[in-house]
Amino acid sequence: MANTPFPSKRAPIYADIPDDKWNNWRWQISHRLNTVEEIETVLKLTEDERKALSAPGLFRVEITPYFISLIDPNDPDDPIRKQVIPTDCEMVPFTMMMEDSLAEDRHSPVPGLVHRYPDRVLMLVTTQCASYCRYCTRSRIVGDPSATFSRQEFEMQIEYLKRTPQVRDVLLSGGDPLVLAPKILEEILSRLREIPHIEIIRIGSRVPVFMPMRVTDELCDMLQKYHPLWMNIHVNHSNEITKELAEACDKLTRAGVPLGNQAVLLAGVNDNVHIQRQLVQDLVRIRVRPYYLYQCDLVEGAGHFRTPVAKGIEIMEGLRGHTSGYAVPTFVVDAPGGGGKIPLMPNYLLSMSDHKIVLRNFEGYVTTYEEPTDYTPAMAAKYKGAKRLEPGQTGVMGLLDGDAMFIKPEGFDETHNRHGIQHRLKDEKKWQPLGIGSGDKQEP
Ligand SMILES: *Cc1c(COP(=O)(O)O)cnc(C)c1O
């Protein structure tokens with residue numbers, strides 16, 4: 001691998017653990033730390049952290065020996081420490097804080113399945129993780145030690161997928177699918193593969209980061225039986241990129257699993273252009289393509305991690321053009337209330353006329369692009385499988401490609417009803433535009 005290997009660390013208390021134990025994921029899982037006493041064998045807790053760890057009802061804490069070893073024990077602001085060790089800030093409520101901020105429960109046709117987008121679903125296969133991120137967007141369901149893989153729910157999910165042919169992409173998440181017993185994970189993958197309309201399977205997992213030793217040759221041999229299979233991992237800071245993670249990613253990519261990264265923009269962890277540029281460059285070095293950078297959700301306990309959205313825009317401004325396009329993620333806000341992911345970026349389009357657009361580049365250089373005058377678009381009808389939008393699926397795409405002319409917000413007609421009698425402002429029989437609303441009947 002190209003020059004400097006990424007550092008690998010073990011906290012002093014693990015110095016004498018034999019390698020075959022340290023490198024065994026089952027040992028890592030069963031030696032996770034979760035109490036004040038255990039964590040203080042590795043680092044000295046602050047008062048705020050100790051208070052949080054002793055508070056009742058807090059979102060579950062578990063940290064693998066491998067991951068806690070990456071923390072600088074002398075730095076209370078260590079970016080890894082903040083992700084897994086709670087502080088009393090978690091108990092501070094904020095405006096618009098929600099338990100289920102993405103309204104996932106409302107988009108669930110069957111338990112554990114979120115069908116929000118037309119052609120893909122999110123399938124929650126477990127509530128367990130290797131360690132727990134303090135800003136977890138699913139802290140309402142994740143971490144419950146009594147709830148594990150539910151066969152009954154799984155059968156309902158499979159039944160739904162069988163009868164829903166528009167789903168061509170299934171995203172396995174949780175919890176973390178890679179903490180499932182290997183047999184169960186394989187059963188899930190093979191059952192999904194039996195469904196002909198499912199084209200791709202994806203796994204969202206932080207296991208390679210929390211516990212890279214789980215990525216064994218056997219796991220990779222099993223996964224590659226179910227291609228096309230993609231995976232997104234979750235790295236927030238370069239300090240998480242170790243020799244072990246690099247090796248795990250190397251194994252996965254050699255097994256043909258393309259890797260992406262989903263990072264969350266977190267105050268005090270990675271809310272800085274320089275930290276993010278280092279992160280994305282270190283990721284492409286280990287052949288992981290930055291996929292999304294998420295604005296922190298409005299989830300309970302995560303208030304102290306939130307940044308203004310402008311910070312994300314500023315970071316994107318500092319990435320695009322300044323580094324390899326492969327290293328640039330899409331910055332997204334997952335819309336509160338269940339609107340899905342909304343991409344945001346700085347403006348590069350300064351202005352436009354009917355024949356020219358004015359653009360700026362990452363350096364502030366302003367240029368123009370002359371538009372064609374003789375453009376003929378492709379004829380959709382000629383293409384095999386070309387489909388019109390599904391009925392009812394409108395939005396801006398419906399305005400561009402469908403028959404709709406405008407979109408009315410709910411209640412629009414009531415607020416704009418001035419109880420006028422039928423007349424024309426000027427009694428001239430002039431041409432009037434006809435509006436075709438989205439789904440609305442044309443008024444007589
Ligand atoms: C993020 C997400 C997906 C996948 O979205 P992509 O943009 O295709 O990665 C699917 N379903 C739900 C509910 C999601 O939150």
Side-chain angles (χ1 to χ4, degrees), residues 1-2 6 23 25 28 64 66-67 119-126 128-131 149 161 167-236 240-263 279-294 324-330:
M1 208 171 296
F6 298 94
N23 294 323
W25 65 275
Q28 290 281 340
T64 57
Y66 162 84
F67 200 65
D119 68 339
R120 53 209 190 279
V121 296
L122 171 65
M123 190 167 160
L124 307 175
V125 291
T126 172
Q128 307 297 298
C129 287
S131 300
F149 174 75
L161 291 173
V167 176
R168 40 163 293 286
D169 174 359
V170 175
L171 165 47
L172 298 179
S173 183
D176 197 318
L178 294 189
V179 300
L180 285 172
K183 266 197 185 133
I184 294 192
L185 179 60
E186 175 150 23
E187 186 189 346
I188 295 171
L189 294 172
S190 67
R191 293 286 301 280
L192 289 172
R193 268 287 160 253
E194 285 169 8
I195 306 176
H197 57 263
I198 293 177
E199 295 170 9
I200 65 167
I201 302 174
R202 305 192 239 180
I203 295 177
S205 174
R206 207 178 187 190
V207 157
V209 176
F210 284 142
M211 198 170 62
M213 38 298 272
R214 174 65 188 97
V215 183
T216 57
D217 292 336
E218 301 81 77
L219 177 74
C220 294
D221 288 346
M222 187 277 276
L223 293 177
Q224 63 184 318
K225 289 198 268 172
Y226 301 98
H227 274 318
L229 188 131
W230 295 59
M231 191 181 294
N232 266 325
I233 63 169
H234 174 22
V235 180
N236 289 322
E240 296 158 51
I241 304 182
T242 60
K243 181 170 137 293
E244 289 89 340
L245 175 65
E247 282 168 6
C249 293
D250 185 56
K251 279 187 184 160
L252 288 164
T253 47
R254 280 171 199 272
V257 181
L259 296 179
N261 186 61
Q262 317 204 69
L279 169 65
V280 296
Q281 290 174 347
D282 287 343
L283 284 166
V284 292
R285 281 177 70 186
I286 62 167
R287 281 176 283 145
V288 176
R289 169 91 159 88
Y291 182 61
Y292 284 141
L293 172 63
Y294 286 93
S324 317
Y326 277 134
V328 181
T330 304

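The figures that follow rest on heavy atoms only: side chains count, while hydrogens, waters and symmetry mates do not.
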Quick one: does any side-chain atom of [X] pair with a main-chain N or O of [Y] as donor and acceptor, under 3.5 Å?
| X | Y | value |
| --- | --- | --- |
| H234 | G204 | no |
| N261 | V235 | yes |
| Q28 | M213 | no |
| H197 | R168 | no |
| R287 | A246 | no |
| S324 | A327 | no |
| R214 | W25 | no |

Could you go step by step and tell me if L252 and C220 meet the side-chain contact (heavy atoms from CB on, under 4.5 Å) rule?
CA-CA 6 Å; L252 288 164; C220 294; 4.0 Å; yes

Criterion side-chain contact (heavy atoms from CB on, under 4.5 Å) on V125 and I184, from CA distance to verdict
CA-CA 10 Å; V125 291; I184 294 192; over 6 Å; no

Which pair of non-hydrogen atoms, one from [X] and one from [Y], has the smallest distance, and what is that distance?
| X | Y | value |
| --- | --- | --- |
| V288 | C249 | CG2-SG, 3.8 Å |
| I200 | R193 | CA-NH2, 4.1 Å |
| S205 | D176 | OG-OD1, 2.8 Å |
| H227 | A255 | NE2-O, 2.7 Å |
| P290 | Y326 | CD-O, 3.3 Å |
| R289 | G325 | NH1-O, 3.6 Å |

With R202, which of L171, V170, V257, L122 fulfils side chain to side chain contact (heavy atoms under 4.5 Å, CB included)?
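Of all the options given, the one that passes is L171.
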
I need the [X] [atom1] to [Y] [atom2] distance, nearest 0.5 Å.
| X | Y | atom1 | atom2 | value |
| --- | --- | --- | --- | --- |
| Y294 | T330 | OH | OG1 | 10.0 Å |
| K251 | L223 | NZ | CG | 12.0 Å |
| I188 | L180 | CD1 | CG | 5.0 Å |
| T216 | M222 | OG1 | CE | 8.5 Å |

Could you check whether any side-chain heavy atom of [X] comes within less than 4.5 Å of a side-chain heavy atom of [Y], counting everything from C-beta outward?
| X | Y | result |
| --- | --- | --- |
| L178 | L185 | yes |
| L172 | L192 | yes |
| N236 | R206 | yes |
| L189 | L229 | yes |
| P177 | V207 | no |
| T242 | Y66 | yes |
| P182 | L219 | no |
| L283 | L279 | yes |

Would R285 and I241 satisfy side-chain contact (heavy atoms from CB on, under 4.5 Å), going step by step from the backbone distance to the final call?
CA-CA 10 Å; R285 281 177 70 186; I241 304 182; over 6 Å; no

